[in-house]
Number of protein chains: 2
Amino acid sequence: MPKPAYHHGDLPQQIHQRALATLREQGEAAITLRTLASQLGVSATALYRHVTDRQSLLAELAIHGFRMLRERLLAVPTGNDRHALIGIGRVYVRFARDEPNLYRLMFSGHLFEKGSHPRLDAAGLGAFGVLENTVARAQQNGYLKPAPLAVYTAAAWSLVHGLSQLIIDGHLDDPDEQLATALSAILIDGTHTRPDTGRPHPTGETP
Amino acid sequence: MPKPAYHHGDLPQQIHQRALATLREQGEAAITLRTLASQLGVSATALYRHVTDRQSLLAELAIHGFRMLRERLLAVPTGNDRHALIGIGRVYVRFARDEPNLYRLMFSGHLFEKGSHPRLDAAGLGAFGVLENTVARAQQNGYLKPAPLAVYTAAAWSLVHGLSQLIIDGHLDDPDEQLATALSAILIDGTHTRPDTGRPHPTGETP
DNA sequence: GGTGCAATGTTAACGGCGTTAACTTAATGC
DNA sequence: GCATTAAGTTAACGCCGTTAACATTGCACC
């Protein structure tokens, strides 16, 4: 077995892991450097060797969250446009429901002065890009009406983001993801060009 | 002129006003009872005669916000269903953009354990009710397809709430409310039954 | 293989916060 | 006029993030 590196072990990773656990269990406000340090059996100021700030630590967690979200979105099958779009919506909302505190942190804009954590911004774009690609592909396939891509992606993102927030804050209930599915479908049915529901990989034909 | 009541004057109102101003200018985190008290020329603990908690004070501000939002939404003309729906969307998003910090507070679910501030929940429902009524009316008028009202309201709320959040957090830009309009229209065009754009007060006819 | 250096960790301390307790002052009700 | 009670005060507790000054450990290099 590898003997523990340096003094403590891999403090950096342990900080991250413990902070993430606390975030999941008790929310962002419960993350304090002092208790975090004591849980790791280390003095409070030791953390500052590996973390510049409480903010930076939170930003790191948010980055982790965006990467998780991105991977989940990437796992949605893309063969059929409609299924892909609805799948993205469902998986997005499911992620928020599975990780409410993490999701809240990721989108707590007041904490992260936009631009002060470039890697965070990049991670956010990374996740958003998957959604954007899905919409773009559906449009290129002719499944969505020709309209500015930015408008469709904004609509899709707003819908799933809003629904996620409302669900995790207890304003809406969606035990079986019926809402997520229905809302995605409503949006799509207002924007697509064909009434079909399952044709994979359309090759240019238009109604 | 009325001489100042009691010791200080109307501390309760002044607390509320000053806190609201700080919220608007610097965000929720900047609201501290100590600086608030010192700004009002009063000791920190004096506030506790009029406010049970920092949380309660914040809840009060949020309530105020929901009432403001409600009034703005009520001012949207209702004569034409489509215009009413789009108007609701625009006004909603405009409110969030006008009062980003207040809006964030209103929907910072992690601060207000749902149920712990009944008046806040009521105020939230009050604002939501306006949106719900608008959707319900459009549906009764036959402008929206018959579908569960809860689904349509959830869709509408999710869309405007998500868009608001994304805008005030800097993820989306919408300088001229074009996005708010376009997104509302997209959602409506997927849910309405008639292609008309301006008939006021339909009286039961269906296509 | 000793040694200097940089990485890592520690204690002490500062200023700020929300909040409680105990006490003082002022207005009101009878 | 006087008791009651509302309104405000000071002192203090415990927590927090963060900085400064100091101690220790492992590694690179001669």
Peer 1: Would you kindly give the CD-to-P distance between A:Gln14 and C:dT8, to the nearest whole Å?
Peer 2: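 Taking atom P of C:dT8 as the reference, CD of A:Gln14 is at 15 Å.
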
Peer 1: Once you apply a heavy-atom cut-off of 4.0 Å, does A:Thr32 come out as touching a base, just sugar-phosphate, or nothing?
Peer 2: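 The residue A:Thr32 makes sugar-phosphate contact but no base contact.
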
Peer 1: Taking CG from B:Leu111 and P from C:dG18, how many angstroms apart are they, rounded to a whole number?
Peer 2: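 For the pair B:Leu111 CG and C:dG18 P, the rounded distance is 13 Å.
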
Peer 1: At 4.0 Å (heavy atoms only), tell me whether A:Thr45 reaches a base, stays on the sugar-phosphate, or touches nothing.
Peer 2: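 Since a base atom lies under 4.0 Å of A:Thr45, the category is base.
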
Peer 1: From CD of B:Gln55 over to P of C:dC17, roughly how many Å is that when rounded to an integer?
Peer 2: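 The distance from CD of B:Gln55 to P of C:dC17 comes to 17 Å, rounded to the nearest Å.
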
Peer 1: For A:Leu47 and C:dG9, give me the distance from atom CG to atom C1', rounded to whole Å.
Peer 2: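 Checked: the CG to C1' distance equals 10 Å.
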
Peer 1: Just checking A:Thr35: base, sugar-phosphate only, or nothing, at a heavy-atom cut-off of under 4.0 Å?
Peer 2: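 Answer is sugar-phosphate: A:Thr35 comes under 4.0 Å of backbone atoms only.
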
Peer 1: Under 4.0 Å, heavy atoms only, any strand: does A:Arg54 hit a base, just the sugar-phosphate, or nothing?
Peer 2: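 It contacts sugar-phosphate atoms only.
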
Peer 1: Between B:Tyr48 and C:dT19, does any side-chain N or O lie under 4.0 Å from OP1 or OP2?
Peer 2: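 For B:Tyr48, the contact criterion (side-chain N or O under 4.0 Å from OP1 or OP2 of C:dT19) is met.
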
Peer 1: For A:Ile31, which contact category applies under a 4.0 Å heavy-atom criterion: base, sugar-phosphate, or nothing?
Peer 2: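 Sugar-phosphate only.
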
Peer 1: To the nearest angstrom, how far is B:Glu28 atom CD from C:dC17 atom C1'?
Peer 2: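 These atoms are roughly 13 Å apart.
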
Peer 1: Is it true that B:Glu60 and B:Arg119 make a salt bridge, defined as a side-chain N closer than 4.0 Å to a carboxylate O?
Peer 2: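 Here B:Glu60 pairs with B:Arg119 in a salt bridge, since their nearest N and O are under 4.0 Å apart.
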
